Each structure stands twice: as structure tokens, then as C-alpha cells.
Number of protein chains: 2
Amino acid sequence: MRFETSTIKDIAKALGLSTSTVSRALRDRYEISEETKKLVLAYAEKVNYRANPIARSLKERRSYSIGIIVSEIANNFFSQVINGIESIAYDKDYHVIISQSHESYKQEKLNVEHLASRSIDGLLIALSSETQDIDYLRDLYSKGLPIVFFDRVPEDFETHKVIANNFKGSFDATEHLILSGKRTIAHLTNSENLSITKERLGGYKAALTKYHIEFKPELVKYCQHGGMHSAELEQAVKELLPLKPDGIFISSDRLTTGCIMALKKTNPEVAHNIAISGFTNSNLVELFSPSLTSVKQPAFEMGQVATELLISMIEAKRPVTEFETKVLDTELVKMPKQVGNKFL
Amino acid sequence: MRFETSTIKDIAKALGLSTSTVSRALRDRYEISEETKKLVLAYAEKVNYRANPIARSLKERRSYSIGIIVSEIANNFFSQVINGIESIAYDKDYHVIISQSHESYKQEKLNVEHLASRSIDGLLIALSSETQDIDYLRDLYSKGLPIVFFDRVPEDFETHKVIANNFKGSFDATEHLILSGKRTIAHLTNSENLSITKERLGGYKAALTKYHIEFKPELVKYCQHGGMHSAELEQAVKELLPLKPDGIFISSDRLTTGCIMALKKTNPEVAHNIAISGFTNSNLVELFSPSLTSVKQPAFEMGQVATELLISMIEAKRPVTEFETKVLDTELVKMPKQVGNKFL
DNA sequence: AAAATCTGTGCAAACGTTCCCAAAAACGTC
DNA sequence: GACGTTTTTGGGAACGTTTGCACAGATTTT
């Protein structure tokens with residue numbers, strides 16, 4: 001079961017040239033005469049020559065591949081980010097290897113180390129909600145592996161980062177609830193470790209402050225596992241409902257859908273009486289009942305920007321020392337009009 | 001920006017051995033004395049030696065990587081399949097490279113050829129809805145690239161295949177509509193090219209026949225692009241509604257959600273009066289309004305089975321000539337009770 | 001006309017493995 | 001102690017590239 005392809009050697013032999021000449025002709029180097037180039041190119045075309053990327057990688061000590069770590073691909077936010085990453089990577093002739101942490105620190109570390117041993121040239125990562133200790137990343141980074149963080153970024157790590165304007169997104173979503181008359185607004189959010197958690201909490205608080213609504217810590221519920229376990233969500237809902245919230249602002253894709261699910265399951269009678277706004281990039285949000293106002297992140301662009309930054313690091317001649325944190329704006333998609341109990 | 005790691009050579013030099021001895025010791029060959037093995041292993045551990053997979057690939061002429069082609073990862077069915085694939089692949093020390101066709105033949109072909117040139121050891125593929133000509137796959141296959149098809153499989157291609165029991169799944173879904181009193185049941189389905197389209201149409205027809213309901217071709221609508229364009233779906237809905245269906249059976253994930261979306265957008269007043277059943281692996285289906293009865297495919301298992309078959313082909317000593325088509329059962333998840341207009 | 005420069009090409013090493021083959025060391029047998 | 005066997009080790013080629021260097025021949029400069 002083996003794959004046979006023609007190599008530079010074959011071409012050289014067939015044309016009576018040396019491998020170096022063929023190699024240089026294929027890479028269009030100035031030293032080779034136009035005549036020879038044409039000859040080589042024509043023959044290569046004829047035998048459908050494809051350079052062996054493995055040999056090239058070995059020689060050049062790089063793999064032209066980028067590792068990606070997300071919590072799960074079955075999440076529209078991340079799959080859109082991945083699409084953005086691919087759009088740039090493929091253009092620049094990199095391929096991508098996707099790994100999922102499933103919000104587990106252990107899995108994340110395992111995957112990163114697996115990728116690193118697969119000689120990726122760089123890493124794009126959104127931290128899992130469990131992750132606190134990123135020393136293993138620091139290690140790899142200091143050994144020369146370029147890393148760019150997106151979405152969930154660490155505070156104390158000097159490299160490029162790409163995030164959404166979480167503060168503003170949260171502010172807008174919370175304000176929207178307030179403007180539609182809600183006053184007891186709960187906040188369901190991710191693990192406290194995550195950067196996004198802090199930023200989104202900030203936006204939520206700021207909106208309350210602007211409208212002179214008192215911030216009540218008991219209205220904020222954290223989910224350590226980012227909503228990967230339904231029990232976690234049902235618990236949060238159970239603790240929240242006695243406080244009679246008339247609105248909930250939810251801070252991530254997974255949590256948003258999970259929370260609505262938990263609400264419908266445990267307290268169907270109130271599910272429609274609580275206004276919900278939350279971060280989600282689901283393209284099915286229009287189908288949801290109860291409906292909700294969503295904060296959409298520019299996921300595709302985030303992927304693109306992160307990839308551009310990463311590739312610039314990979315291809316930099318000298319170590320990069322100036323780092324950027326790109327902040328992209330979110331978009332508030334208001335829920336459709338709703339008439340009585342009829343959700344159209 | 002380079003990654004420095006220790007190599008077999010380094011170990012050999014440090015220990016005063018030859019590279020061959022070190023290599024053999026690391027691979028635990030019988031020829032090497034226990035003593036030397038211990039020595040080498042301990043030192044390798046100490047310097048955190050990681051074999052360079054690229055060098056190994058070059059030498060062994062295989063990459064320990066598997067290519068996957070799906071139409072899109074932002075689709076629960078496919079992302080679950082991918083999880084299944086990974087669960088097996090990682091165990092056997094393969095890594096996977098995922099590519100999306102976005103239901104485009106051109107993109108699919110491009111991706112496959114890109115993967116092939118990246119020296120994958122095997123390919124797992126679900127055909128795009130546009131694909132009719134699979135000669136390019138035959139080519140690769142005849143050159144020795146192992147291929148296993150899943151979900152959307154070609155008829156005339158001798159290799160392993162993994163599919164759901166589409167006939168039975170469709171039969172059950174259609175029967176469920178009939179048993180809940182529907183008599184004018186439309187069928188919205190994928191491109192006619194696809195294997196799944198034919199099989200699912202078969203199940204639909206069989207259910208109608210069983211209950212003595214006449215099959216009307218005008219109630220069947222095909223979507224060439226698998227619902228990737230909303231215009232396509234809105235057109236189908238527009239053509240279907242004048243026929244006054246009281247039920248619709250939809251034959252794929254993307255189409256199911258797309259159709260509900262189109263219904264709500266163009267004819268919100270009837271959206272709740274048509275019973276819907278359809279293939280979908282969405283984990284958000286409980287949130288949908290209108291609600292629907294769904295046919296769930298054993299996606300995770302399909303991925304696992306396909307990967308096992310593929311790896312068996314890759315690692316086969318002699319060319320494989322006996323092929324299997326594994327058929328896995330679907331599961332019908334009935335829609336929840338609904339009280340009047342209140343969708344809980 | 002000799003020296004310097006420019007063009008185009010080839011030789012050979014290197015990237016980090018694996019593995020065939022040979023050689024050295026250790027052991028047993030008569 | 002000479003010989004055959006077995007065990008353990010090392011040398012070196014190979015996988016398919018890329019690239020520094022050398023060199024031959026043509027062209028220009030002095």
C-alpha cells in the first residue's frame with residue numbers, strides 16, 4: 001500500500017540534469033537559464049510532479065503547519081474562527097491541525113504537547129475554561145514556538161493576542177435588557193480564570209452603574225466547566241431563580257444555549273418570562289424559543305487576524321519583541337418582536 | 001525563531017554509542033542489551049527527547065496522518081463524526097487534518113489534492129452535494145491511497161463504506177408524521193447525486209405505501225447545494241406551500257434548520273401548523289420553535305468505525321480486496337408535547 | 001592577451017530517522 | 001586455545017529536499 005510519485009531525482013535523471021538544477025528551476029531561481037526552467041517545468045507538469053512536503057520540512061526544519069486549540073469545534077464561534085484561520089493559512093500555504101480541549105486543562109496540555117511534537121510552526125490557542133497554569137506554554141514559547149492567543153487570553157504572557165471588545169459587547173447586551181425594562185438582571189458566566197469572564201463582568205457592571213442599578217454579587221453565577229456539564233447549568237439556574245431575575249445576561253456561546261436548555265427543562269413555566277441576552281455565534285439563534293438577544297463576535301475576522309499575526313511571527317527574521325493586542329467589535333443582534341405568547 | 005530539540009545523534013554522542021544502537025534501544029528491539037536500553041531510555045527521558053516525526057515520515061514514507069473531508073465542521077453531525085474519528089486516530093497515534101468542502105465540488109477536489117500532496121496515509125470523506133465526478137478519487141485510490149467513505153458514499157467504488165440506515169431512519173420519521181395524522185407530507189431533500197438522497201427517498205416512499213398514501217413527485221424538492229444558500233431553501237418552501245402540506249420530512253441537518261428558518265422568514269403564520277421531522281444531529285434541537293421530530297445519526301460511532309476500517313487498510317500488509325459497507329442504526333427523537341400555541 | 005566578472009550548472013553535505021550488513025565481544029564446546 | 005555460535009554494537013546508505021561552494025565557459029575589462 002504505497003503511494004508512488006516522481007521526485008526531483010527522477011526529473012533530473014530524465015532530463016540529464018543535476019538535482020540542484022532541477023530544484024532551483026522549480027523554485028524559479030535567478031541563476032537558472034530561462035531555457036532550462038521551461039524544460040524542467042514542462043517535464044514536471046507532464047509527470048505531475050508534487051514536491052514532497054515532508055522532505056522539504058525536514059530540510060528546512062519547519063512543517064508549514066499551524067496548530068489550533070479550541071474547546072470544541074461543534075460551537076459556531078470556534079468553527080467560524082477556524083474558517084477565518086483557514087482562509088489565511090491556505091493562502092500562505094500552511095495547513096492547520098485542529099485539536100479540541102473540551103474545556104479540560106489536561107486535554108489541552110496533552111494536545112498542545114502532541115502538536116508540538118508534531119513539529120508545528122506555530123500555535124493558535126483559546127484557553128480552556130479550566131486552565132490556570134500556563135507554564136507549559138511558556139516553556140514551549142521560550143524554546144521558540146510562536147504562539148498567538150485569541151478569545152481566551154492570559155494576562156501575563158507577552159505575545160500577540162486577538163480578542164473581541166468584550167467590555168462593550170457586555171455593556172450593550174446588559175443595557176439592552178435594562179432599556180427593555182428589566183431591573184433584576186442576573187449574569188451567568190464562565191470560569192473566573194478566563195480573561196473574557198473578567199472583561200464581560202466589567203461591561204455588565206458598567207451598564208448597571210450607568211442606570212443606577214445596584215450590583216448584587218449573588219446574581220452572578222460562575223461555571224467552572226464552561227457549561228460542558230448540564231448539571232453545572234441546572235445548578236446555576238436553580239440558585240438563580242429564587243432571586244427572581246427578570247433578565248439574564250449570559251457570557252458565552254455554550255452557556256447561552258445550555259442555560260436556555262436548563263431553564264426549559266427545570267422551569268418551563270418561567271422560561272418565557274425572563275429576558276435573555278447572551279454571547280453566541282450560533283446561526284440558529286432565530287429558531288430558538290424563548291428567543292434572545294445575542295452578542296455576536298467577529299469570529300471569522302478574529303481567526304484571520306490571529307493567523308496573520310502568527311505567520312508574521314513564524315516568518316520573522318529576528319525575534320519579535322513588539323506585541324499587539326487586537327480588539328475587534330462585537331455586534332448586538334436584537335431579538336425579534338414578540339407578540340404575546342406567540343414566538344414567530 | 002527555531003525550535004531546538006535533542007536528536008538521536010545527540011544522545012549517541014553523549015553516551016558514546018552509535019545512532020543505530022540508540023534508535024534500536026528507543027524502539028525496544030530485542031538485539032539491544034537491557035543495560036544499554038536502560039541507559040538510553042534514562043538519558044532520553046532526562047533530555048526530554050522527542051522523536052522527530054518528520055524524519056521518521058521521510059524514512060518510512062508515511063506521515064501517520066489521516067485526511068478528513070466534510071462539507072462543514074459547523075454542523076453537529078460532522079463535528080460528532082470528527083470526534084469519533086479523533087478518538088480512534090489519536091489512540092493509534094495518527095493525527096488528522098480536517099478540510100471543508102462547503103458542499104462545493106471544486107473545493108472538495110482542491111482539498112483532497114492538497115491533502116494528498118501533504119502525504120496523508122489515508123482519506124476519510126463524505127462527498128459534497130455537488131459532486132458527481134469522482135474520477136479524481138479513483139486516480140488517487142489506484143495510486144495506492146486508502147479511502148473510506150462515510151455518510152455520503154458513491155455507488156460504484158469498491159472500498160469500505162460507513163453509512164447510517166437511511167432507509168429505516170426515513171421510514172420511521174415519515175411514519176411518525178403519518179401516525180400523528182398528517183396526510184400531505186412533503187419531502188425536502190439534498191442533491192439527487194447523493195447516495196443518502198436516494199436511500200432516504202426510498203424510506204419516505206415506503207412509509208407512504210405502507211399507509212396507502214399516494215406518492216406525489218411534486219411534493220419532493222431537491223436542493224442542489226444542500227441548503228448552503230438560503231435562496232435555494234426559500235425557493236423550495238415557496239414552491240411547496242401552495243400544495244398545502246401538513247407535514248414535511250427533511251433529509252439533512254443543514255436542510256432541516258435551513259428550512260425552518262426559511263419557513264419562519266417567509267411564512268411565519270404557517271410555520272407552526274406544519275409538522276416537521278428531519279435528519280439532524282443538532283444538540284440544540286430542544287430549543288427550536290417550531291419544534292420537530294429528529295432523526296439522529298450515530299455520528300460518533302460512524303467516525304470510529306470508518307477510522308478503524310481506514311487504519312486497517314493503511315496498515316494492511318497486502319492490498320485489501322474484501323470490502324465492507326457498515327450500516328448503523330439511526331434514532332428517532334420525537335418532538336415534545338405541545339399545548340396550543342405554547343411551545344415549552 | 002591576460003585578468004576579472006558573470007552565467008549556468010553540478011557536487012556533496014545536511015536535515016533526523018531506520019535498517020541492512022558487517023564486525024566486535026562474549027560465550028560455549030571439544 | 002582454536003573454533004563455531006550467539007549476542008551486542010557500529011558503519012553507512014537511504015528517504016527527497018535545499019543550498020553553499022566550486023567550476024567551466026562565455027563575456028567584459030584593463
Side-chain angles (χ1 to χ4, degrees), chain A residues 1-41 43-44 47-65 93 116-121 144, chain B residues 1-41 43-44 47-65 93 116-121 144:
Chain A
M1 285 274 85
R2 201 125 289 166
F3 218 12
E4 45 180 67
T5 48
S6 43
T7 71
I8 280 193
K9 260 188 198 159
D10 300 334
I11 298 182
K13 202 176 293 170
L15 264 38
L17 293 169
S18 74
T19 58
S20 18
T21 305
V22 174
S23 171
R24 278 187 272 247
L26 290 169
R27 336 190 88 225
D28 201 23
R29 291 301 180 84
Y30 71 98
E31 313 126 291
I32 304 298
S33 70
E34 282 309 316
E35 212 175 347
T36 313
K37 274 183 192 170
K38 256 185 214 142
L39 192 70
V40 171
L41 254 31
Y43 188 80
V47 298
N48 192 29
Y49 169 79
R50 294 270 168 271
N52 180 329
I54 294 184
R56 189 153 112 97
S57 291
L58 181 61
K59 180 66 195 168
E60 298 191 355
R61 313 173 90 179
R62 48 185 295 208
S63 60
Y64 293 92
S65 66
D93 223 32
S117 82
R118 287 283 185 186
S119 359
I120 51 169
D121 292 343
Chain B
M1 287 277 83
R2 203 129 288 167
F3 219 12
E4 45 183 69
T5 48
S6 43
T7 70
I8 280 192
K9 258 188 202 161
D10 300 333
I11 299 182
K13 202 176 293 171
L15 263 38
L17 294 168
S18 73
T19 58
S20 12
T21 306
V22 175
S23 171
R24 278 186 276 244
L26 290 169
R27 336 190 89 226
D28 201 24
R29 292 301 179 84
Y30 70 98
E31 315 127 288
I32 304 297
S33 71
E34 283 308 318
E35 211 175 348
T36 313
K37 274 184 192 169
K38 256 185 215 144
L39 193 70
V40 171
L41 253 31
Y43 188 79
V47 299
N48 192 29
Y49 169 80
R50 293 270 169 273
N52 180 330
I54 294 184
R56 189 153 113 96
S57 292
L58 181 61
K59 181 65 195 171
E60 299 191 353
R61 310 171 93 180
R62 48 185 296 208
S63 60
Y64 293 92
S65 66
D93 222 32
S117 81
R118 287 283 183 185
S119 2
I120 50 169
D121 292 343

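Throughout, protein chains are lettered first and strands after them, A, B, ... in sequence-line order, and every chain is numbered starting at 1. Note that the structure is a prediction, hence the values are computed from the model and not measured.
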Which whole-number value in Å describes the distance from K38(B) NZ to dT8(D) C1'?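 Going from K38(B) (NZ) to dT8(D) (C1'), I get 16 Å.
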
Test item: V40(A) and L15(A) side chains (from C-beta on) under 4.5 Å apart, heavy atoms: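 Sidechains of L15(A) and V40(A): in contact.
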
4.5 Å side-chain heavy-atom contact, T5(A) and Y49(A):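 No; the side chains remain at least 4.5 Å from each other.
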
Quick one about [Y] and [X] (side-chain donor to acceptor, distance below 3.5 Å, no hydrogens or angles considered), yes or no?
X      : Y      : value
N52(B) : R50(B) : no
S20(A) : S23(A) : no
S18(B) : T21(B) : yes

With heavy atoms under 4.0 Å as the rule, sort T36(B) into base, sugar-phosphate or nothing.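 Sugar-phosphate contact only - T36(B) comes under 4.0 Å of backbone atoms but never of a base.
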
Mind checking if I54(A) touches a base, just sugar-phosphate, or nothing, with heavy atoms under 4.0 Å?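 It contacts nothing in the nucleic acid.
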
Does a salt bridge link R27(A) with E60(A), judged by any charged N lying under 4.0 Å from a carboxylate O?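 Between E60(A) and R27(A) there is a salt bridge, with a charged N closer than 4.0 Å to a carboxylate O.
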
How long is the span from the OH atom in Y64(B) to the CZ atom in R118(A), to the nearest 0.5 Å?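 Reported to 0.5 Å precision, the distance equals 9.0 Å.
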
If I take atom CZ from residue R24(A) and atom CD1 from residue I8(A), how far apart are they, to the nearest 0.5 angstrom?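 R24(A) atom CZ to I8(A) atom CD1 measures 10.5 Å (nearest 0.5 Å).
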
Nucleotide interval of DNA chain C bounded by contacts with chain A (heavy-atom cut-off, under 4.0 Å):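 Boundary nucleotides touching chain A, in 5' to 3' order, are dG8(C) to dG16(C).
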
Can you list the steps and then say if T7(A) with I11(A) is a side-chain contact (heavy atoms from CB on, under 4.5 Å)? CA-CA 7 Å; T7(A) 71; I11(A) 298 182; over 6 Å; no

Here's a test of your reading of the structure: between L58(B) and S33(B), which maps to the more 5' nucleotide of DNA chain D?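 It is S33(B), whose closest nucleotide lies nearer the 5' terminus.
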
Counting primed atoms, P, OP1 and OP2 as sugar-phosphate and everything else as base, the B/S/- map of nucleotides 17-24 of chain D against protein heavy atoms under 4.0 Å is BBBB----

Applying side-chain contact (heavy atoms from CB on, under 4.5 Å), run through S6(B) and N48(B) and close with a yes or a no. CA-CA 8 Å; S6(B) 43; N48(B) 192 29; over 6 Å; no

Using C1' atoms of five pairs at each end, report the bend of the helix from dA1(C)-dT30(D) to dC30(C)-dG1(D) rounded to 10 degrees.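 For the helix from dA1(C)-dT30(D) to dC30(C)-dG1(D), the axes at opposite ends meet at about 60°.
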
